[in-house]
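Positions are given from 1, in the same order as the sequence printed here.
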Amino acid sequence: NLAYDLVSPGNLYFESKSYNGIQQAEQDTVLEYQNRLFVRQDTLPELKVQPMSNRSANRGSVVYKLDVNTYSGDKDISSFAYACERIYSNVNVERKKSIDKKLRTLLKYSGLEQGETEREKIIFLENYIKENYFNVQKGGDDYSTVEGILKTKAMSEIGTFRLYDGLLDVAGISYNMVFTCDKSNWRFDAEFENQLSISDGLLYFPKSDLFIDPMNIFSRGSFVDYDLLDNQGVFIDAVDIGDGFIGFGEVKNIKGHTAEESVAEQNINWTFDPETETGEINLVKKSTGYSTYNYQIISDLVPADELEEFKKNIVKSSFGEMELKNLTFENLSADKYPFEPLTIKATLPAEEFIEPSANSYVIKLGEVIGKQSELYVVDSVRTLPVAVGNPRTYRHKIVFNIPEGYILKNTDALNMTITSGEENPVMSFKSTYAINDNQLEVNIHEYYTLGELPKEQFENYRKVVNAAADFNKIYLVLELK
């Protein structure tokens, strides 16, 4: 039995809205001198734990907000408009000329002036701030005023927004503050304005169509936590009312990224000599966007004596404890992100992928792309939408040099096409092959264009994910002609 009561003094009027299977609250019409909202409900459907789902955002919930205080005369207290006015006035505070002079000096050190485009300038500035200033959970002028932050190099949340506001103002770069929510925990609701929907702040630069997250030290440029993107938010503009400016909010879409902005691409060249039963597998892997989000930025925070172990862990997710030779990394630093791809080069131990038999060799070609995710065992009934994560693309090109006098068998297994079924599929795994001049060339293209799918698409999603895992299991046979 579900029972919910919200009782408040007679001068405070609350509104509420229920989500995900909970009945809407009723107003008590009998109670005097107090206000009461209540819910009485006998049953609530079970919220199952299912893979690839935002369980928190799908929980049954009752959200309430203070709307009116008749004693003070305040109305729309929890509205976006009310919040935007307060946020704007708190961030856009008057600065001394001496502070602006210090901000100009900081801009020179930041490398902003070296940027050729506004986008580059913003990311250079963001990178400098995040590497030299630190977010703290403290109050007081030392952390909340620009003057204090320049001394302590530490800043609270309001202080962070004030520092960016001062720097961007001095640099002459226009921006909007944007407030939204983490959609894995709460779905933005423009019809019921409340603080849950505007819990997270971003900065938006309309000229460059660029979002940054000033509070997240692990993000750069538009590659912020994807649960804040592909969403809605309140964009705050400054409006001149004659005797000053106020913040005016408008709900707009926060666009996400395309699958082509986060690409993991592998090029593999494989040679094998049956006479010596030796071979070499050369790998070049390039990653962009979210595919390298957790590596390039974090690398600058790794202690020097732990950096080699950090590098090994990057490749361990694909190849486990396998000993890789000639392992090198290019662009493994925050200042290269998101401008340059993280490039990994290595030589894989060929003996791990070949098994000799009586008169032939088993070629474990499917394993050479690294271990793939799988979703083989799941509930029979899907009840929740599918949280895919950021849109992304995987490409693999494998070239196997066939030894003179030998042929490959079971190559037809390399032709695979699994899609979501539409004319223009929203997700797909496709593998093709060709043999020319004693070279087997395999090309794989896998992509996911949406961050969330309806529950009806879960089975298609599962098939596409498992297609990559199924490819891991493909073995070829190399034998004499």
Side-chain angles (χ1 to χ4, degrees), residues 6 12-20 25 54 56-59 61-69 74-93 126 135 137 139 144 155-165 168 174-206 209-219 222-239 245-257 387 451-452:
L6 174 62
L12 299 180
Y13 287 84
F14 285 81
E15 292 184 351
S16 76
K17 184 175 181 179
S18 300
Y19 298 86
N20 300 318
N54 292 328
S56 294
N58 291 284
R59 289 179 302 179
S61 57
V62 180
V63 178
Y64 62 89
K65 65 176 182 178
L66 178 61
D67 187 50
V68 176
N69 183 341
D74 289 333
K75 297 180 180 180
D76 297 325
I77 295 171
S78 298
S79 68
F80 292 156
Y82 192 91
C84 289
E85 287 188 29
R86 289 188 294 107
I87 292 170
Y88 181 84
S89 63
N90 282 335
V91 171
N92 291 266
V93 295
E126 178 191 18
N135 297 116
Q137 300 294 322
S144 62
M155 48 195 181
S156 63
E157 182 174 11
I158 187 65
T160 301
F161 280 92
R162 285 173 176 170
L163 178 63
Y164 274 95
D165 177 70
L168 294 169
S174 299
Y175 80 98
N176 300 108
M177 285 183 287
V178 179
F179 286 85
T180 184
C181 56
D182 181 336
K183 63 179 184 282
S184 69
N185 292 321
W186 181 256
R187 299 184 188 280
F188 187 98
D189 188 351
E191 302 302 319
F192 187 72
E193 299 180 7
N194 65 86
Q195 301 303 304
L196 287 175
S197 290
I198 53 173
S199 58
D200 296 86
L202 301 171
L203 301 181
Y204 176 63
F205 301 88
D209 194 21
L210 172 71
F211 290 92
I212 70 169
D213 185 346
M215 295 299 297
N216 185 353
I217 65 169
F218 299 117
S219 72
S222 59
F223 292 96
V224 306
D225 184 339
Y226 201 76
D227 284 324
L228 301 178
L229 303 181
D230 195 13
N231 203 353
Q232 285 187 302
V234 179
F235 289 61
I236 302 179
D237 263 320
V239 176
F245 289 85
I246 63 169
F248 174 79
E250 183 179 1
V251 175
K252 299 180 184 179
N253 290 327
I254 302 174
K255 74 171 189 175
H257 288 278
E452 186 173 73

Results of side chain to side chain contact (heavy atoms under 4.5 Å, CB included) for S197 - residues two or more places apart only: F80, W186, F188, D189, N194
For D76, what residues pass the side chain to side chain contact (heavy atoms under 4.5 Å, CB included) criterion, not counting sequence neighbours? D67, S79
Who passes salt bridge (Lys or Arg N to Asp or Glu O under 4.0 Å) against K255, sequence neighbours left out? D209
Does NZ or CZ of K65 fall inside the cone over F192's six-membered ring, less than 6.0 Å from its centre and within 45° of the axis? yes
Is there a ring-ring contact (aromatic ring centres under 6.0 Å, His included) between Y204 and Y175 once you walk through the steps? CA-CA 5 Å; Y204 176 63; Y175 80 98; over 10 Å; no
Working to the nearest 0.5 Å, report the span between CG of L202 and CG of L229. 7.0 Å
Taking the side chain as C-beta and beyond, is there a heavy-atom pair between I212 and F205 under 4.5 Å? yes
Side chain N20, main chain R59, donor-acceptor under 3.5 Å: yes
Output for pair (E126 CD, I217 CD1), nearest 0.5 Å, gives 11.5 Å
Show the nearest heavy-atom pair for residues V68 and I77, with the distance to one decimal. C-CD1, 4.1 Å
List in chain and number order the residues that pass side chain to side chain contact (heavy atoms under 4.5 Å, CB included) with A25, two or more places apart in sequence or in another chain; answer none if no residue qualifies. S16, L37, V39
Test item: T180 side-chain N/O and Q232 main-chain N/O as donor-acceptor pair under 3.5 Å: yes
How would you list, by chain and number, every residue that makes a side chain to side chain contact (heavy atoms under 4.5 Å, CB included) with N92, sequence neighbours excluded? Y88, D165, M177
Would you say H257's side chain and D230's backbone share a donor-acceptor pair under 3.5 angstrom? no
Tell me yes or no: between the side chains of T160 and N135, is some donor less than 3.5 Å from an acceptor? yes
4.5 Å side-chain heavy-atom contact, V63 and L196: yes
In chain order, what residues pass the salt bridge (Lys or Arg N to Asp or Glu O under 4.0 Å) check against E452, with sequence neighbours excluded? R187
In short, C84 meets I236 closest at the heavy-atom pair SG-CG1, 3.6 Å
L228 vs F211 side-chain heavy atoms within contact, under 4.5 Å: no
Ignoring hydrogens, what is the shortest heavy-atom contact between N176 and D237? Give both atom names and the distance. ND2-OD1, 2.6 Å
Rounded to the nearest 0.5 Å, what separation is found between the CZ atom of F223 and the CG atom of N216? 14.0 Å
Correct closest heavy-atom pair for G256 and Y226 would be CA-OH, 3.4 Å
Under 3.5 Å, side chain of D213 to main-chain N/O of M215, donor-acceptor pair present? yes
Nearest heavy-atom neighbours spanning S174 and P206: O-CD, 3.9 Å
Over all heavy atoms of both residues, which pair between N231 and C181 is shortest? Give the atoms and the distance, please. ND2-O, 2.9 Å
Separation of M155 CE from E157 CD (nearest 0.5 Å): 11.0 Å
Taking the side chain as every heavy atom from C-beta outward, state whether S144 and R162 have any pair of such atoms under 4.5 Å apart. yes
